[in-house]
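Read the structure below first, then the notes.
If you read the sequence from its start, that first residue is 1, and numbering goes on from there.
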Amino acid sequence: MRDDMVADVPAGSGPATTLPGVELLWSGRVPDLAEDAAAHRHLLDAEESVRLEAFRLAVDRDAYTVAHVALRRMLGERLGQAPEAVTMTRRPCTHCGGPHGRPVVPGNAVHFSLSHTSGLVLIALASVPVGVDVEAVPEPGMITEVAAQLHPRERTELAAAPAEQHPAAFARCWTRKEALLKATGVGLNEDLSHTYVGAGAQPAAGADWLLADLPADPGYAAAVAVHLRQAPASGVEQPRAPRAQDTQ
């Protein structure tokens, strides 16, 4: 994972030529970028600044600042705008209709997704709806309760894996699932047992969505989900991922 940040766009950015529709994937280590990001927090808009101030822990504030400053720089470069001039809104939630669905640039000039966890940030830009997630591989004791909420086939796959591989298999499954649910705009409002993404070495295949695992630092897992056909410019949300009854 490259995490340099030079000029307005992090040098860790690069084209994602093997993923259809994905223009750029970037990852960065928060401790290495926190000082630079803090010096540029003026690039954040009012809503981002309010959310930043709500974090109680410095580590969380640093991750949020690195992620959102980097995103604004990348979107500004992509759109030919100053980073602080980039406007972002949210589509209606596909679960409840509220104004907290998938974040978008008005007009769908570019699609994007952002994820940050303890120490790492992951960002994607694409010409189609996209979702990314990066997570620390959990301790074994943290898996049992959440794993019980997964799709039945995912629970079976986890149970079949050797005990020492459970944390990595769970992290693979979780990042795939969250990336896909973010890309569709559903987010974690959906019952985790509805959508099958797989916990094995290869993610599940779908007609409308491509899932792929991404390289990550040791102790982390990362994934991307990308729509396989061009999204319309209207505000209509794209088709949802397959549900359990379609994949069992």
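Here the CD atom belonging to E84 is positioned 11.0 Å from the CZ atom belonging to R73, to the nearest 0.5 angstrom. The structure places CD1 of I143 at 7.5 Å from CG of L158, a figure rounded to the nearest 0.5 Å. Atom OG1 in T117 sits 8.0 Å away from atom CG in D133 (nearest 0.5 Å). Atom CD1 of I123 is separated from atom OG of S113 by 9.5 Å, given to the nearest 0.5 angstrom. Atom NE2 of residue H227 and atom CG of residue L180 lie 10.0 Å apart, to the nearest 0.5 angstrom. Rounding to the nearest 0.5 Å gives a distance of 10.5 Å between CZ of R155 and CG of L192.
For R153 (side chain) and G198 (main-chain N/O), no donor-acceptor pair under 3.5 Å exists by modelled atom type. The closest donor-acceptor contact from the side chain of H166 to the backbone of A161 lies under 3.5 Å. At least one donor-acceptor pair closer than 3.5 Å links the side chain of K182 to the backbone N or O of V132. At least one donor-acceptor pair closer than 3.5 Å links the side chain of R72 to the backbone N or O of V86. A donor-acceptor pair under 3.5 Å links the side-chain atoms of R172 to the main chain of A199, judged by distance alone.
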Candidate pair E135 and Y220, rule side chain to side chain contact (heavy atoms under 4.5 Å, CB included), full reasoning: CA-CA 6 Å; E135 303 286 347; Y220 293 85; over 6 Å; no

Worked check of side chain to side chain contact (heavy atoms under 4.5 Å, CB included) between H111 and S127: CA-CA 6 Å; H111 297 268; S127 61; 5.7 Å; no

Chi angles and distances behind the side chain to side chain contact (heavy atoms under 4.5 Å, CB included) call for L71, M88: CA-CA 11 Å; L71 177 63; M88 289 176 272; 4.0 Å; yes

CA sep, side-chain torsions, deciding dist, call: L211, V224, side chain to side chain contact (heavy atoms under 4.5 Å, CB included): CA-CA 6 Å; L211 277 173; V224 60; over 6 Å; no

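We find that E154 and K177 are joined by a salt bridge, their nearest charged nitrogen and carboxylate oxygen being less than 4.0 Å apart. D213 has a carboxylate O that lies under 4.0 Å from a charged side-chain N of R176, or vice versa, which qualifies the two as a salt bridge. The pair R41-E48 does not meet the salt-bridge criterion, since no charged nitrogen lies less than 4.0 angstrom from a carboxylate oxygen. The residues D217 and R29 are annotated as salt-bridged, a charged nitrogen and a carboxylate oxygen being separated by less than 4.0 angstrom.
Considering only heavy atoms from C-beta on, V134 stays 4.5 Å or farther from H116 through its side chain. Looking only at side-chain heavy atoms (C-beta outward), W26 and L125 stay at 4.5 Å or farther from each other. With a 4.5 Å cut-off on side-chain heavy atoms, V146 and W174 count as touching. At least one side-chain heavy atom of M74 sits less than 4.5 Å from a side-chain heavy atom of L24. Residues P203 and V197 are not in side-chain contact: their nearest non-hydrogen atoms beyond the backbone lie 4.5 Å or more apart. Residues V30 and L120 form no side-chain contact, since every pair of their non-hydrogen atoms from C-beta on lies 4.5 Å or further apart. For the pair Y196/P152, no side-chain contact is recorded, criterion being any heavy-atom separation below 4.5 Å from C-beta on.
Across all their heavy atoms, A223 and L122 have their closest contact at O-CD2, 4.3 Å. The two residues A171 and P138 make their nearest non-hydrogen contact at CB-CD, 4.1 Å. The minimum heavy-atom distance linking T175 with A221 is given by the pair CG2-O, 3.4 Å. For the pair A38 and T65, the tightest heavy-atom approach, listed with the atom from each and the gap, is N-CG2, 4.0 Å. Minimum interatomic distance between C173 and L150 (heavy atoms only, all atoms of both residues): SG-CD1, 4.0 Å. The minimum heavy-atom distance between P20 and L228, with the atom names listed, is CG-CD2, 4.0 Å.
Side-chain atoms of Y64 and E53 form no donor-acceptor pair, as typed in the model, at a separation below 3.5 Å.
Residues L33 and V59 are members of separate hydrophobic clusters, defined by side-chain heavy-atom contacts under 4.5 angstrom among Ile, Leu, Val, Met, Phe, Trp and Tyr. Hydrophobic clustering (ILVMFWY, side-chain heavy atoms < 4.5 Å, transitive): V137 and V121 are in distinct clusters.
Annotation: E164, atom CD; neighbour count of heavy atoms from other residues, nucleotides and ligands within 6.0 Å is above 12. Atom CZ of R51 has 12 or fewer heavy atoms from other residues, nucleotides or ligands within 6.0 Å.
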